[in-house]
Protein chains: 2
Amino acid sequence: MSENMERGRRPVTAHDVARLAGVSQSAVSRTFTKGASVSPDTRRKVEEAAASLGYRPNLVARSLITRRSNLIGVAIPGMANPFYARVLESLSAAFEQLGYRILLFSMANNEDSDPVLEEILRYQVDGLVLVSASLSSRFAEECRTIGLPVVLFNRTNGSTSVSSVTSDNITGSRTIARFLLAGGHERLAFVAGKQSSSTNRDREAGFNAYLQEQGRPLPLREVGDYTFDGAITATRRLLAQDAPPDAIFCANDLMALAAINVCHELRMQPGRDVSIVGFDDLPQGQWPIFGLTTFEQPLAEMIGRAVNIICAQLADPGTSAIQEIVPGRMIVRQTARLPASGIVEVDGERIWQP
Amino acid sequence: MSENMERGRRPVTAHDVARLAGVSQSAVSRTFTKGASVSPDTRRKVEEAAASLGYRPNLVARSLITRRSNLIGVAIPGMANPFYARVLESLSAAFEQLGYRILLFSMANNEDSDPVLEEILRYQVDGLVLVSASLSSRFAEECRTIGLPVVLFNRTNGSTSVSSVTSDNITGSRTIARFLLAGGHERLAFVAGKQSSSTNRDREAGFNAYLQEQGRPLPLREVGDYTFDGAITATRRLLAQDAPPDAIFCANDLMALAAINVCHELRMQPGRDVSIVGFDDLPQGQWPIFGLTTFEQPLAEMIGRAVNIICAQLADPGTSAIQEIVPGRMIVRQTARLPASGIVEVDGERIWQP
DNA sequence: GGAAGGTTTGCATACGTATGCAATTTAACC
DNA sequence: GGTTAAATTGCATACGTATGCAAACCTTCC
């Protein structure tokens, strides 16, 4: 109780505890290792000694032995988009539940991610979640070699050799196209996200595919880069045209909120003067002032799948890669004119089911 | 190039590289340790061998020796409040610049933080940033004993023995009170944040103190708990009164945005029918649809100070604790009626300087 | 060419814990 | 009480790297 009070003292180790408790270091280790064999008597002695010295097991040393760090590396783009903030929070909560901690890596905007990954791997993380980032085939191979579970979140890779979890972007955007046509819109526009992202590719493809199937022309198109400011500019351009669109599908909610802001500037009312639809279902979109009509990305479900994939691979490194595509729902609020039919209410949300 | 290709192979170690390169393990270590003494020749040999084997230094083993993990523990509340998302992102960016990584700990809503800290310390983090969390004196003492740099961010502790960085909440809220009175408001209201937080205490104290000094009655008061939903309820109650307030000071921006949403519901226009003021200066407040008048928390500056405190203590554990209070500015936009004078424009922002 | 000084290298050990193994103690049972 | 099985314990070693130390090497200068 007294000798550990000086500043900068050498940290208390299992040996110190063992000495004080009159047992071996192994005994100390075993009392702190769940499932090990210790008699109630020694356990008590050890725990008392540990408490009196303020002993705390050194997880770094433990990791070196067990080859498990209990860390999950998470690479995530900036948190300017609230969607990513939610992803991180949910991931953190889910993994903490399982006894894992999050080692955070911010990916400065979609630069090459390889150097960052190189760094991550040195930390001996037990698993890796790449949010909206891609994985070079070299690293995919590398991770498989060392048996490191990896999952791409909200992004797919070309190859099927790496696991991924996405929402059903194609069906979602097809549904949006169908919803807008059913609502009697004539002149559609699409505000694209980052051109390099798989989500944008899929959302644009699904949207355009449905329009073409219905013999409609392709939508007007601007690029908002998945950012608020980008979408402000894009929407202004769209609405300043001689023949402006009567409906705008923004490839994510953040951009849709920007579009609503532009409407506000122009004294236009979303849902009456022009329809705005997003993709994500952010909490902000539910705010009364926005009331955003959007296609849901079921975050909780997606997180659950991602965690399961990691756990499965952790339990058996031989588990093969899997591409999960989680279906979502069309959430109807006030920013888009409604179709004549198909609106149902499901646990507090209005859903469109064609 | 060939033997590391099988799945689940034992990871490549410095010994393997040494053997292939025909040097000692020490030489390998030294080539990967910046500032160590290696001849160009052996360095080349080692680097070639390392590349061909795909060697990656094991930072866990290194940490065990050097007693530095290059990890900074960050404990942060949920990210429903965008302010925290920004804090995390900025912290991460700042520390990555210095070669540190963030180990993330979500604090489920203000439960006792001690068990979480207990856990953090086992990971041998080099520093600790507690965002809006307090530190029991027991742990403060503990951290000092083991020489672990700690800084409270956006919260102060009672004691001066632990470092903290906050914005100037008292001056800020005094300024808001003065601003509202100068704008001719008669009937003020305050929407409080979490009662247990030091920021809320200070903001309420400063606001009330100025009113009292001016011989004004205390404001109406509701509690919003720093949450959007809480502030929705609080604002509705305030505005439903027989004699509703003509100005509402919400203790943070998130609640102010909620208040604006309530105004929208009630067909009231903020800045004309009622004034709304926040505290934070979130990016969302700058959105055209909100145009929130607020008192700034200068995030970049605050992050810089926090990082500096950690670094100073890292360099010299004897460095004494310091309480940093960073001044902010009153940012004037559209949600509050303006005083007759004192508005100036500073790099694109309109500031009120009484 | 040789001495002095600097640079590079390998050996051995340490970091703090987990764990296989053998020895010992305890429990169980007839 | 004696035998067998089970539970507990300590010893010794391993994890992968960094580093003090002394030996080996190279450079420089007279």
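A, B, ... follow the sequence lines: proteins, then strands. Residue 1 opens every chain. These numbers come from a predicted model, not from an experiment.
Contact check, A:Ser39 against C:dT26: no side-chain N or O comes under 4.0 Å of OP1 or OP2. Look at A:Arg67 and you'll find a side-chain N or O under 4.0 angstrom from OP1 or OP2 of D:dG16.
Using a 4.0 Å heavy-atom cutoff across all strands shown, B:Ser37 reaches at least one base atom of the nucleic acid. Looking at heavy-atom distances under 4.0 Å, B:Ser29 makes contact with a base. B:Val23 comes within 4.0 angstrom of sugar-phosphate atoms only, judged by non-hydrogen atoms across all strands, and of no base. No contact: A:Val60 has no heavy atom under 4.0 Å from any strand. Among the protein residues, B:Val28 comes within range of no part of the nucleic acid, since none of its heavy atoms lies under 4.0 Å from any strand.
With rounding to whole Å, B:Gln124 atom CD is found 9 Å from C:dG16 atom P. The distance from atom NE2 of B:His15 to atom P of C:dC11 is 10 Å, rounded to the nearest whole Å. Atom C1' of nucleotide C:dT19 and atom CD of A:Gln25 are separated by 10 Å, given to the nearest angstrom. Atoms CZ (A:Arg68) and C1' (C:dA18) sit 14 Å apart, rounded to a whole Å. When rounded to the nearest whole Å, the span between CG of A:Asn58 and P of D:dC15 equals 18 Å. When rounded to the nearest whole Å, the span between CD1 of A:Ile146 and C1' of D:dG16 equals 15 Å. In this structure, A:Asn70 places its CG atom 14 Å from C1' of C:dA18, rounding to the nearest Å. Counting to the nearest Å, the P atom of C:dG16 and the CG atom of A:Leu53 are 14 Å from each other.
The nucleotide whose nearest atom lies closest to any side-chain atom of B:Thr13 is, among D:dT19, C:dT17, D:dG16, D:dG16. Residue B:Arg30 has its side chain nearest to C:dG10 when only D:dT17, C:dT19, C:dG10 are considered.
A salt bridge does not link B:Arg56 to A:Glu119: none of the charged nitrogens lies less than 4.0 Å from a carboxylate oxygen.
Residue B:Arg56 places no side-chain atom within donor-acceptor reach of the base of D:dG16, judged by atom type and a 3.5 Å distance cut-off alone. Residue B:Ser63 places no side-chain atom within donor-acceptor reach of the base of C:dC15, judged by atom type and a 3.5 Å distance cut-off alone. The base of D:dT19 sits within donor-acceptor range of the side chain of B:Ser26, with an N or O pair under 3.5 Å.
With A:Thr33 contributing its side chain and A:Ala36 its backbone, the two residues share no donor-acceptor pair below 3.5 Å. Listed for the B:Arg144 side chain is a donor-acceptor partner under 3.5 Å among the backbone atoms of B:Ser161.
Taking all atoms of both residues into account, the shortest heavy-atom contact from B:Asn157 to B:Leu135 is ND2-O, 3.0 Å. Smallest separation of non-hydrogen atoms from A:Met302 and A:Asn154: CE-OD1, 4.3 Å.
Toward the 5′ end of DNA chain C lies the nearest nucleotide of B:Ser24, the other residue of the pair B:Ser24 and B:Leu64 mapping further downstream. Heavy-atom distances to DNA chain C give each of A:Ile65 and B:Ile65 a nearest nucleotide, and the one nearer the 5′ end belongs to B:Ile65.
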**OP:** Using the side chain to side chain contact (heavy atoms under 4.5 Å, CB included) rule, take A:Ile102 and B:Phe105 through it: C-alpha gap first, then chi angles, then the decisive distance, then the call.
**Re:** CA-CA 7 Å; A:Ile102 299 295; B:Phe105 295 80; over 6 Å; no

